[in-house]
Amino acid sequence: MAKRISGCFPALVTPMKEDGNRLNHEINFEGLKQLIEHVVGGGVTGIVPAGCTGHAASLTADEQVKVVEKALEAVKGNVQVIPGDGSNCTREAICLAKRMQNLGVKRHLQISPYQNKPTQEGLYQHYAAIAQAIDTEIILYNVPGRTGRNLEPETVARLAKEFSNVIAVKEASGNIEQIKKVIGLTKDFKFDVLSGDDGLTLDIIKAGGTGCISVAANIAPAQTSKYIALALEGKFKEAVGINAKLQPLFKALFIETNPGPAHYALRKLGIPAGIPRLPLVDVTPETASKVDAVLQQLGLQ
């Protein structure tokens with residue numbers, strides 16, 4: 001089957017103003033523009049704003065829409081914009097997806113419901129309701145570490161088979177055997193599997209995956225885009241070399257809860273990402289020193 005979606009897509013950080021208001025840092029839209037110019041200049045395929053790395057859990061729906069609106073303006077049609085517009089409330093997920101659709105968005109990243117912890121049937125019904133409510137395309141997002149519930153391969157395959165606008169899954173389960181099973185069960189559909197874990201991206205592409213929604217691509221977009229492109233071309237020897245150099249960055253960005261380390265790293269690169277809103281805080285001095293060392297090692301600082 002032809003690929004529906006492939007390449008490197010930064011899970012975009014939402015820059016915040018350092019205004020002293022830890023409860024409600026204002027969004028730094030100029031910083032967002034700088035970050036988008038940084039990643040697009042690095043050759044990424046598209047961007048994923050307002051998702052988990054984009055601090056969605058601490059943004060209002062209006063703020064999410066505004067972030068995506070500004071992102072669309074910044075890319076000027078040169079790369080795809082795929083918003084993270086899901087919710088643990090099915091009704092709210094549909095409402096937000098429709099608002100994004102009205103901005104001209106063609107694809108949506110929809111996270112599995114968090115906190116509710118539905119059964120597999122509940123997960124199916126959640127995604128089915130969204131797929132039936134909008135005209136645009138959906139990427140499922142399986143991230144058990146944030147949702148407390150795994151989206152099983154059989155449920156993914158059921159959705160892929162029954163809904164033509166369910167086109168892919170972002171797989172962040174960390175379970176490569178499960179991901180291979182998803183690829184196997186969906187191989188006869190127009191459906192793709194994207195890595196949601198930088199450290200597993202090469203293995204996922206080798207197994208038939210088509211790219212990555214990447215945290216590291218915020219920091220090192222050129223290197224991340226290059227190794228993913230090489231891997232998709234089957235040039236794994238070249239891809240492995242770049243990937244190996246980036247492994248310390250992949251690890252450093254998750255020493256503390258994402259996106260805290262990414263905010264810090266971007267500040268060190270001169271992009272005003274600020275500090276996340278509460279309940280997230282800035283990284284510890286120990287984490288900062290580790291991120292500094294990785295940036296220096298990669299020649300980014």
Side-chain angles (χ1 to χ4, degrees), residues 3 5-13 39 44-49 51-57 82 84 86 109-112 114 139-153 155-156 168-186 191-221 223-232 236 239-240 242-263 265 287 290-291 294 298:
K3 294 174 183 175
I5 181 168
S6 66
C8 177
F9 301 83
L12 211 66
V13 168
V39 298
V44 302
T45 313
I47 59 174
V48 181
C52 292
T53 303
H55 223 40
I82 304 170
L109 180 65
Q110 284 279 338
I111 192 170
S112 292
Y114 38 90
I139 300 168
L140 313 173
Y141 182 14
N142 185 34
V143 56
R146 289 193 184 270
T147 66
R149 194 61 96 218
N150 186 49
L151 185 63
E152 298 292 341
T155 306
V156 174
V169 62
K170 175 185 176 183
E171 245 295 351
S173 65
N175 184 337
I176 189 64
E177 293 308 315
Q178 169 174 298
I179 296 166
K180 288 178 180 178
K181 187 173 182 180
V182 172
I183 292 168
L185 289 175
T186 60
F191 187 85
D192 292 318
V193 177
L194 296 165
S195 170
D197 182 339
D198 282 297
L200 287 179
T201 297
L202 267 188
D203 290 335
I204 291 170
I205 292 175
K206 286 178 181 178
T210 62
C212 181
I213 296 178
S214 163
V215 177
N218 283 279
I219 316 303
Q223 298 95 317
T224 308
S225 296
K226 186 173 182 181
Y227 92 77
I228 289 172
L230 286 167
L232 290 171
F236 287 105
V240 165
I242 300 171
N243 181 271
K245 291 178 182 178
L246 289 173
Q247 286 295 326
L249 177 64
F250 299 161
K251 293 176 183 176
L253 292 176
F254 285 85
I255 294 171
E256 295 183 27
T257 301
N258 175 51
H263 276 258
T287 295
K290 290 178 180 178
V291 174
V294 170
L298 291 173

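Quick note: numbers below take in every heavy atom, side chains included, and nothing from hydrogens, waters or symmetry partners.
Across every non-hydrogen atom of Ala11 and Ile213, the tightest pair is CB-CG2, 3.9 Å. Contact record, Cys8 with Ala217: SG-CB, 3.8 Å, taken as the closest heavy-atom pair. In terms of heavy atoms, Asn150 sits closest to Ser173 at OD1-CB, 3.9 Å. When all heavy atoms of Val215 and Ala262 are compared, the pair lying nearest together is CG1-CB, 4.4 Å. The shortest non-hydrogen separation linking Ala252 to Val294 is CB-CG2, 4.0 Å. Among all heavy-atom pairs drawn from Leu249 and Ala216, the shortest one is CD2-CB, 4.1 Å.
The distance from atom CD1 of Ile139 to atom CD1 of Ile111, rounded to the nearest 0.5 Å, is 13.5 Å. Annotation: the span from Gln178 atom CD to Asn142 atom CG amounts to 6.0 Å, rounded to 0.5 Å. Once rounded to the nearest 0.5 Å, the distance linking CD1 of Ile183 with CD1 of Ile204 reads 7.0 Å. Distance check, rounded to the nearest 0.5 Å: OG1 of Thr224 to CG of Asp198 gives 6.5 Å. A distance of 10.0 Å separates SG in Cys212 from CZ in Phe9, rounded to the nearest 0.5 Å. Rounded to the nearest 0.5 Å, atoms CD1 (Ile176) and OG (Ser195) are 8.0 Å apart.
Side-chain contact between Glu171 and Leu200 is absent, with no heavy atoms from C-beta onward closer than 4.5 Å. Using a 4.5 Å heavy-atom cutoff, the side chains of Leu298 and Leu246 are in contact. Looking at Tyr141 and Thr147, their side chains never come closer than 4.5 Å, going by heavy atoms from C-beta outward. Side-chain contact between Cys52 and Arg146 is present, with at least one heavy-atom pair separated by less than 4.5 Å.
Within the 3.5 Å criterion, the main-chain N or O of Ile5 finds a donor-acceptor partner in the side chain of Thr210. Although no hydrogens or angles enter the test, the distance criterion places no donor-acceptor pair under 3.5 Å between the side chain of Asn243 and the main chain of Tyr227. In this structure a side-chain-to-backbone donor-acceptor pair under 3.5 Å is missing from Thr155 to Leu151.
For the side-chain contact (heavy atoms from CB on, under 4.5 Å) test with Val48, the passing option among Leu194, Ile82, Leu12 is Ile82; the others fail.
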TODO: Show your working on side-chain contact (heavy atoms from CB on, under 4.5 Å) between Tyr114 and Val143 and close with a plain yes or no.
DONE: CA-CA 9 Å; Tyr114 38 90; Val143 56; over 6 Å; no

